[in-house]
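All values derive from a computational prediction rather than experimental measurement.
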Amino acid sequence: MNRINQKLQESQKLLSIYFTAGYPEIEDTARIIEALEKSGADMIEIGLPFSDPLADGPTIQQSSEAALRNGMTTNKLFSQIVNIRKTVNIPLIIMGYFNPILQYGVEKFCQKCKETGIDGLIIPDLPVEEYKTHYQEIFEKYDLIPVFLITPQTSEERIRFIDDVSNGFIYMVSSASVTGGTTGFGDEQMDYFKRISNLDLKTPTIVGFGISSAASFKQATEFSKGAIIGSAFIKHLSHHGVDKISEFVKVLR
Amino acid sequence: MKTTYQVDERGYYGDFGGAYIPEMLYPNVEELRTRYLEIMKEESFQKEFKQLLKDYVGRPTPLYFAEGFSKKYNTKIYLKREDLCHTGAHKVNNTIGQILMAKKLGKTRVIAETGAGQHGVATATVCALMGIECVVYMGEIDIARQAPNVARMKMLGATVVPAKSGSRTLKDATNEAIRDWINNPVNTHYIIGSVVGPHPYPDMVARFQSVISEEVKIQLKEKEGRENPDYVVACVGGGSNAAGLFYHYLDNEDVGIIAVEAAGEGVLSGKSAATSALGKEGIIHGSKTLLMQTEDGQITEPYSISAGLDYPGVGPMHANLFRTGRGEFISVTDKDAMDAGLVLSKLEGIIPAIETAHALAIFETRKFKEDDVVVINLSGRGDKDLNTYIEHFNL
Ligand SMILES: Cc1ncc(COP(=O)(O)O)c(C=O)c1O
C-alpha cells in the first residue's frame, strides 16, 4: 500500500510540512526531511522550485528564487534524495509546477519518483481533466498518488468529480488566496470546513494555506484529517536555520 | 475536413492552448469560458461594442497606401492605421470588448498587467469611461523606464502596483495579476492584454481584435478591387495585433502570413525575445505554447528594446502557425527596427511604435514582387517611445 494511504489510516490528525528544496542552502534538502520526521511531522511536501510560482505568495516566491539561485534543478533534487528511504519512512510528496515536470518528461519524472520513494505529486497548475485524459495511467503505473486542490469557490459538483478521481487525500485550500496570506481562521472558513466535511467524500481532506501555529492547526483539523504548513515553516527556516526545526514542529500539537 | 487555424472547442490551436491553471482560478475561467461566446453574440453587447469602437476609439481606422515606402521597397504596401486609435495603439479594441464583458459578468473591479504601459493605459481608459475600479500590475523595472505611461494611468484614476517578484518585468506583472485574481475570485475581472493566458482568453482577445481584418477586407476591396492581400504582416509580442490582422485570413491560404518577432541584440546573442526561434513547448501563464526556458523548465527573461515585445512566450494561435508552417516567422534586431522606424518617419511622416517598427524592418531583407499587395499592421504610434528614439539616434 502507498505510504500516504497507510498514514491516512492512522488515528491522529496529520501534520504535513512544506519546504522548498534547495533553500536556505542547496544541500539542505535531505537534512530538512530527516529533521522533520524526527521532530514528528507525519508527511512532507518537497517543493520543486519554479521561476514563476503563480499560486504562491511572497514567502514561497522568495524561497523558490533563492533555491534556483543556489543552483537547484530537477536532477539535483533527485540526486539529493536518492538514498532518502534508508533513513526516512513517512510519506514524501513532491509539489511542483507543471512546466519543469513537462520538460523533464512526465513519464521519466514519475519513474524517478518511484525509484526514489516519492509517494505522491501535487501539481497545482495541472487541471484534473488534463490529468485524467493524459497522465492518470502513468501515475498509476508508478504508484504515485495525485493530490488535487479544492477552494471555497469550488462547486459541489466539481468537488465530487475531484473526489472521484482522487485516491489519496484532497488538498483543501482554506481561503481564496495564494500561499502565505492570512493566518488563523474565522467563522467563514470554519463553516466551509464543516460544509466539506458534511459532503461525506470518500477521500479524506487535508487543509492548507494560512496555518502557522498550534491554534490554527487545531482549527484546521477540527473537520479534516490534517493540515499543511508551508510559508510559516519557510519563515522559521529563514530566521532560525535548519538546526532549529524541531522547535518549530514540536509546539504545533 | 478543411484544416483550420482557429481555436477548437477544447480551447486548442493544434497542439497549443488549453487552460493550465491552479484550481483557485477555475471558477473564474470556467465562468468566462462558458459565457464569452454567448455574451459576445448578444445584440446589446454587439451594439455597444460597435458604437464605442466608432465614437470613442475612432474606428474604422484608415487603410493607407504608403506610396513612398512602397516605392523604396518596390512593392505595394498598405498600412492599417491602428496608431490612430484612441490611446495610440490597437490595445484599446480588446479593452473595450473586455470591459463590456466584465460588466455583463457583473464584475465591479478590473485588474490588468502591463509591460510598456500601453495595455495598462488602454485598460485604465476604459475603466475611467465605465467608472470601474482599476488596478494595473507593472514590473518595477518597467515603471522606472516608462514613466509617462505610469503618469497617464494615474491621471485616469488607476492604481499602479509595482511587481517586485522575479525579474520585475512583464512576465512578473502577469504573475502578480494572476495572484490578485486568485485573491479576489468573486468581484474581479482580469483584462489580459494579448492573445495569451488560459482558454478562452486567446480566442476572446483575438475576436475583439479581429475588427482589424474585418475592416481591411472592406477597405482593400475599395482600393484594390479584392478583399485578399498577398501578405499580411504584423509584429508579435504576445500576438494580439497580429491575431487581429490575421484573423479573417487564417484559413485562406492564398494570403501569406508573416509574423515578426524581436531578435533583440541577435537571436543567438543571449539577449533576444524571438520566441519561435528560441522557445520550446511548455506552459506559461496557463497556456501550452512556445516559450523561452532553460533545459530545466525555468522560464527565462527575454530582451528587446521594445517593451511590448519583451515577453518570453507567444500566444497559442501563433505557436500553431509556426509549427504548422502556415505562418512565416522573421526576427528583427533592435538596430534594424530602430532604423525602420526612422525610414517610415522620413518617408511617410508617421512615427511608429518601436514594436511596429519591427514589422516595417522586414522589407530590407524579405523581398516581395512588384505587384504584391502587402498589408502591415501599424499597431501603434511612437510617442511613447520618444525617449528611446532620442537615446538611440542622439536626436
Ligand atoms: C504598439 C504595440 N504593438 C504591438 C505590441 C505587442 O503586443 P501584441 O503582440 O499583443 O500585439 C504592443 C504591446 O504593448 C504595442 O504597444
> Between B:R179 and A:V178 (side chain of the first, backbone of the second, donor and acceptor by atom type, cut-off under 3.5 Å), is there such a pair?
no

> Which residue out of A:T74, A:N75, A:V173, A:L102 racks up the most heavy-atom pairs below 4.5 Å with chain B?
A:T74

> In this structure, are over 12 heavy atoms from other groups packed under 6.0 Å from B:K280 atom NZ?
yes

> Where does A:Q62 contact chain B at under 4.5 Å (heavy atoms): side chain, backbone, both or neither?
neither

> Could you list the residues that satisfy side chain to side chain contact (heavy atoms under 4.5 Å, CB included) with A:P24, not counting sequence neighbours?
A:D28, A:I32, A:L237, A:V242

> Is the number of heavy atoms from other residues, nucleotides or ligands within 6.0 Å of CD (A:E157) greater than 12?
no

> Looking at B:S165 and A:Q61, what are the two nearest heavy atoms and their distance?
CB-OE1, 3.1 Å

> Which bit of A:I101 is near chain B, if near means a heavy-atom gap under 4.5 Å: side chain, backbone, both or neither?
neither

> Drop me the distance from B:I283's CD1 to A:N99's CG, to the nearest 0.5 angstrom.
6.5 Å

> Which atoms of A:Y104 are under 4.5 Å from chain B, going by heavy atoms: the side chain, the backbone, both sets, or neither?
neither

> Is the number of heavy atoms from other residues, nucleotides or ligands within 6.0 Å of CG (A:N198) greater than 12?
yes

> Tell me, side chain or backbone of A:F209 under 4.5 Å from chain B's heavy atoms, or both, or neither?
side chain

> Once rounded to the nearest 0.5 Å, what's the spacing between atom CD of A:E129 and atom CZ of B:R10?
12.0 Å

> Within residues 16-25 of chain B, which positions have a heavy-atom distance to chain A below 4.5 Å?
B:A19, B:Y20, B:I21, B:P22, B:E23, B:M24

> Answer yes or no: is there a side-chain heavy-atom contact under 4.5 Å between A:D52 and B:I284?
no

> Can you measure from CG (A:D125) to NE2 (B:H285) and round to the nearest 0.5 angstrom?
11.0 Å

> Report, as yes or no, whether the 6.0 Å neighbourhood of atom CD on A:E137 holds more than 12 heavy atoms from other residues, nucleotides or ligands.
no

> Could you tell me which portion of A:P53 (side chain, backbone, both or neither) has an atom closer than 4.5 angstrom to a non-hydrogen atom of chain B?
both

> Is it the case that over 12 heavy atoms from other parts of the model lie below 6.0 angstrom from the NZ atom of B:K107?
yes

> Which residues, numbered in order, of residues 290-303 of chain B come under 4.5 angstrom of chain A by heavy-atom distance?
B:L291, B:Q293, B:E295, B:D296, B:G297, B:Q298, B:I299

> Listed by residue number, which members of residues 144-154 of chain A have a heavy atom under 4.5 Å from any heavy atom of chain B?
A:L149, A:I150, A:T151, A:Q153, A:T154

